[in-house]
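Here the structure is a predicted model, which is why all the values come from computation and not from measurement.
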Amino acid sequence: MRETINVRLLDIHSFKHDPAATASPTLGFRLKHGYEIKSKGLRGFRHNTYGFIGPEFSPRKPSDTYRIFCLGGSTTYGAGVETDRYSYPAILQEMFERTRSPGGKRIEAVNAGVFGYNSLHTYLQISTRLQWFSPDMYVIMDGLNDLDAAQHVHRRGCACEYTIPEAFEQVVRYERNLQAALDASRREGVLSVLVSDPMKLGRDPGSSHLRDMNQDLVKLLAYGRTVLPAANASLAARNHIPYVNTQATFDSVLDESRLIRRVWADDLHLTRYGYYLLARDVYRALMAIPAVQKAAGASRAASDEELDALFPDIVLWRPADGAGWASSPAPLGGQVSTVNIKELEPNSKGWSAFTPASTETPGILTIPLAGGGTRFRIYPRMEKSSDSVSVFWLSGDGKRQPVFSLTKAFDDSHWTPESSWYEITVPDGPGGKLEIILKGFTSQFWHNGPALLFNVD
């Protein structure tokens with residue numbers, strides 16, 4: 001009966017019927033390969049030829065590449081963001097790419113995460129398919145879906161009654177699955193690193209930060225917050241491998257309620273900034289490993305400040321309230337001067353949007369503003385990788401300083417969402433002007449995109 005339950009736990013939510021997935025005799029279900037999807041992407045997430053999330057890569061590893069496979073469930077996959085560019089494996093790879101030494105190898109982080117996958121899937125992936133891609137490292141972040149599976153068994157899975165701890169230990173068998181995965185990776189000569197999934201539950205479960213205050217979820221996460229780090233630490237110690245407990249980073253967020261929405265997209269998944277914090281913790285831990293240092297050709301990890309400066313499209317991002325509009329339109333009046341710009345019809349809340357009158361040349365907006373401390377919110381909506389927004393500060397003494405830029409990583413036929421905005425604080429000093437340059441932005445009505453909306457405080 002237990003083996004039958006294990007087979008059932010490979011797809012307890014019938015994800016094989018999801019548009020992005022299909023049935024698998026080995027894994028219960030898997031992501032569709034790129035050639036199985038007409039657009040090669042779904043929900044803004046690219047599916048490559050081999051059924052991983054992200055860009056295409058060569059199955060035969062190039063000699064100048066250090067290959068990392070990131071395994072786990074939906075928080076590895078990137079649920080909660082609008083494009084795979086902001087999943088933590090993609091951000092992790094960009095961190096290595098933007099900080100690499102000239103003589104170092106290319107650090108390649110492949111996103112092998114799949115929504116709904118648990119520790120049993122991790123073992124099966126490592127033991128049946130990933131070795132064909134010559135990995136150098138596995139970064140494994142399991143736990144949330146194992147808790148979900150234990151809850152499933154507790155509620156309806158068996159003829160006999162199991163408590164959630166009993167189901168987790170005796171049926172789901174989290175530690176046993178991961179030990180088998182680590183044994184398989186060791187036989188292949190591949191280094192493994194364990195990571196604990198960050199949880200949106202504070203040190204005191206009584207002060208839950210969950211949106212709907214679902215008491216079953218509160219109890220489940222409270223149990224997981226205790227058992228998962230302990231299990232991962234024990235596995236890491238027994239197997240002499242690194243372990244990254246990211247919870248301390250996210251606890252500091254939970255201590256400040258104003259930051260929670262900036263980091264968590266829902267009760268389980270992260271925003272792009274949340275995945276950035278997760279990737280930053282993993283990056284720092286990997287850069288402490290001699291093999292990674294040697295591959296990267298660097299002796300130290302970039303500091304948090306250095307990384308923040310390299311990722312303005314993430315660090316400056318804020319989630320918007322409601323449909324993405326600020327509380328009131330920008331009081332700009334006739335202050336804005338324009339070149340090749342047309343103003344689109346205002347929406348029901350009085351917000352207007354700007355877009356290039358002709359896509360042949362850039363559109364330019366110039367906005368006089370007061371000096372330091374003035375906050376500028378920008379709501380760019382773009383569809384194509386050729387679209388871009390660049391913001392410059394023109395100081396009173398004539399200096400032109402770049403402030404912010406944003407482009408799309410790839411064409412996926414999706415608009416950047418209305419629900420995102422970027423907060424920019426103009427540099428200290430006397431007043432000056434903001435210059436905004438728009439490229440691309442095929443003209444349509446604002447509610448379909450594209451639009452550049454902004455608010456000045």
Is the closest basic N to carboxylate O distance between [X] and [Y] below 4.0 Å?
X: Arg280; Y: Asp308; value: yes
X: Arg155; Y: Asp216; value: yes
X: Arg30; Y: Glu36; value: yes
X: Asp387; Y: Lys439; value: no
X: Glu94; Y: Arg85; value: no
X: Asp11; Y: Lys16; value: yes
X: Arg106; Y: Asp64; value: no

Under 30°, 30 to 60°, or over 60°: which ring-plane class applies to Tyr35 and His33, parallel, tilted or perpendicular?
perpendicular
Relative to each other, are the rings of Phe52 and Phe133 parallel, tilted or perpendicular (30° and 60° limits)?
perpendicular
So if I apply the salt bridge (charged side-chain N to carboxylate O under 4.0 Å, His left out) rule between Asp136 and each of Arg67, Lys61, Lys105, which one comes out positive?
Lys61
Do the two ring centres, one from Tyr117 and one from Phe29, sit under 6.0 Å apart?
yes
With sequence neighbours excluded, tell me which residues meet side-chain hydrogen bond (donor to acceptor under 3.5 Å, both in side chains) with Tyr174.
Asn232
Is there a side-chain contact between Val193 and Tyr243 in this structure, where contact means two heavy atoms from C-beta onward sitting under 4.5 Å apart?
no
Taking the cut-offs as 6.0 angstrom to the six-membered ring centre and 45 degrees off its axis, would you call Arg98 and Phe311 a cation-pi pair?
yes
Which residues satisfy the salt bridge (Lys or Arg N to Asp or Glu O under 4.0 Å) test with Asp281, sequence neighbours excluded?
Arg284
